**Q** 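Please read through the structure below; I'll follow up with questions.
Predicted, not measured: the structure shown is a model, and the values here were computed from it.
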Amino acid sequence: MEKQKIIDVLNFCAAQCTHCYDACHLEKETDMSRCMMDDQDCADICRLTGQLFERNSDNTDIFLRLCQEMCERCAEECDKYPQMEHCKKCAEACRKCAAMCNEQRLVH
């Protein structure tokens, strides 16, 4: 996969996580604190992984593994709220990003 496409997937996932966090924050009837924490952590890891990938850091593989794990965790948490569109979109972006991270670890 082309370097810019990898960075785009990471940044898109971070954006979806941030959107999910913002939407969860507005929820009044359901405790979304766990989802919000995972959203923030995932967004941060995705952004940092993208930065490391962009500059060809020797630590990229470490962060690709961490990013994959965090994306999977975030997707699992979002799956607990199938009635919320923002959680569905976030889980989808996280799964795509996790798969891409796994693929890149194998070729990187």
Side-chain angles (χ1 to χ4, degrees):
M1 184 181 276
E2 175 188 322
K3 187 177 190 176
Q4 188 57 50
K5 286 187 179 189
I6 294 164
I7 293 166
D8 289 347
V9 169
L10 289 160
N11 287 333
F12 181 75
C13 187
Q16 289 299 311
C17 288
T18 299
H19 174 73
C20 188
Y21 173 87
D22 291 342
C24 287
H25 185 69
L26 298 175
E27 273 300 314
K28 302 294 184 222
E29 297 180 23
T30 306
D31 179 12
M32 303 295 292
S33 57
R34 181 76 219 166
C35 190
M36 292 168 62
M37 176 78 70
D38 286 347
D39 286 337
Q40 281 187 315
D41 290 350
C42 192
D44 289 346
I45 292 299
C46 286
R47 284 187 194 100
L48 182 54
T49 302
Q51 291 170 346
L52 294 172
F53 200 89
E54 190 165 33
R55 67 176 180 245
N56 297 316
S57 170
D58 290 340
N59 296 307
T60 300
D61 281 346
I62 296 167
F63 278 84
L64 284 169
R65 183 174 55 249
L66 180 60
C67 189
Q68 176 187 350
E69 290 176 17
M70 192 62 241
C71 285
E72 289 169 354
R73 177 181 290 179
C74 191
E76 287 174 16
E77 184 62 28
C78 282
D79 282 343
K80 294 177 182 177
Y81 308 99
Q83 73 281 15
M84 297 181 186
E85 191 63 28
H86 57 86
C87 284
K88 281 198 268 188
K89 288 181 180 179
C90 185
E92 182 180 308
C94 285
R95 282 199 177 78
K96 180 177 180 181
C97 191
M100 185 272 311
C101 286
N102 185 50
E103 178 183 307
Q104 289 308 305
R105 283 180 43 223
L106 298 175
V107 297
H108 194 260

**Q** Kindly compute the distance separating CD (Gln16) from OG1 (Thr18), expressed to the nearest 0.5 Å.
**A**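 Those atoms lie 9.0 Å apart.
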**Q** Return the CZ to NZ distance between Phe12 and Lys5, rounded to the nearest 0.5 Å.
**A**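 If we round to the nearest 0.5 Å, Phe12:CZ and Lys5:NZ are 15.0 Å apart.
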**Q** Side-chain contact, heavy-atom cut-off 4.5 Å: Cys13 with Cys42?
**A**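 Yes - at least one pair of side-chain heavy atoms lies under 4.5 Å apart.
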**Q** Can you tell me how far apart SG (Cys35) and CG (Asp79) are? Round to the nearest 0.5 Å.
**A**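 Those atoms lie 10.0 Å apart.
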**Q** In Å, rounded to the nearest 0.5 Å, how long is the span from CZ of Phe53 to CG of Asn59?
**A**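 With rounding to 0.5 Å, CZ (Phe53) is 13.5 Å from CG (Asn59).
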**Q** Say whether Met84 and Met36 are linked into one hydrophobic cluster, either directly or through other cluster members, by side-chain heavy-atom distances under 4.5 angstrom.
**A**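 Yes; tracing contacts between hydrophobic side chains, which count when under 4.5 Å, links both residues.
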**Q** Test Cys101 against Leu10 for side chain to side chain contact (heavy atoms under 4.5 Å, CB included), laying out the working first.
**A** CA-CA 9 Å; Cys101 286; Leu10 289 160; 4.1 Å; yes
**Q** Give me the atom names and distance for the closest heavy-atom approach of Gln83 to Lys80.
**A**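 For Gln83 and Lys80, the tightest heavy-atom pair comes out as OE1-O, 4.5 Å.
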**Q** Would Ile6 end up clustered with Leu52 when hydrophobic side chains under 4.5 Å apart are linked, directly or stepwise?
**A**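 Different hydrophobic clusters.
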**Q** Please examine the side chains of Cys97 and Cys46, heavy atoms only from C-beta on, and report whether any two atoms are closer than 4.5 Å.
**A**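 Yes; the side chains approach each other to less than 4.5 Å.
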**Q** A quick test of your reading: do over 12 heavy atoms of other residues, nucleotides or ligands sit less than 6.0 Å from NZ of Lys88?
**A**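 Count over threshold, so yes.
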**Q** In terms of side-chain heavy atoms, does Gln40 have a donor or acceptor partner in Asp44 at a distance below 3.5 Å?
**A**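 Asp44 and Gln40 do not have a side-chain donor-acceptor pair below 3.5 Å.
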**Q** For the pair Lys3 (side chain) and Glu54 (backbone), establish whether a donor and an acceptor sit closer than 3.5 Å, ignoring hydrogens and angles.
**A**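 Answer holds: yes.
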**Q** Taking the side chain as every heavy atom from C-beta outward, state whether Tyr21 and Met32 have any pair of such atoms under 4.5 Å apart.
**A**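 No, every pair of side-chain atoms sits at 4.5 Å or beyond.
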**Q** Nearest 0.5 angstrom please: Lys89 NZ to Cys87 SG, how far?
**A**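 Atom-to-atom, Lys89:NZ and Cys87:SG are 12.0 Å apart.
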**Q** List the atom pairs, donor and acceptor, that lie under 3.5 Å between side-chain atoms in residues 64-76 and the rest of the protein, sequence neighbours left out.
**A**
unit_1	atom_1	unit_2	atom_2	d
Gln68	OE1	Arg105	NH1	2.7
Gln68	NE2	Glu72	OE2	3.2

**Q** Determine whether Thr60 and Ser57 satisfy the following criterion, side chain to side chain contact (heavy atoms under 4.5 Å, CB included), listing intermediate values before the conclusion.
**A** CA-CA 5 Å; Thr60 300; Ser57 170; 3.8 Å; yes
**Q** Just so I know, are the side chains of Cys20 and Asp38 near enough to count as touching, which here means a heavy-atom distance under 4.5 Å?
**A**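 When only atoms from C-beta onward are counted, Asp38 and Cys20 do not touch, as no gap falls below 4.5 Å.
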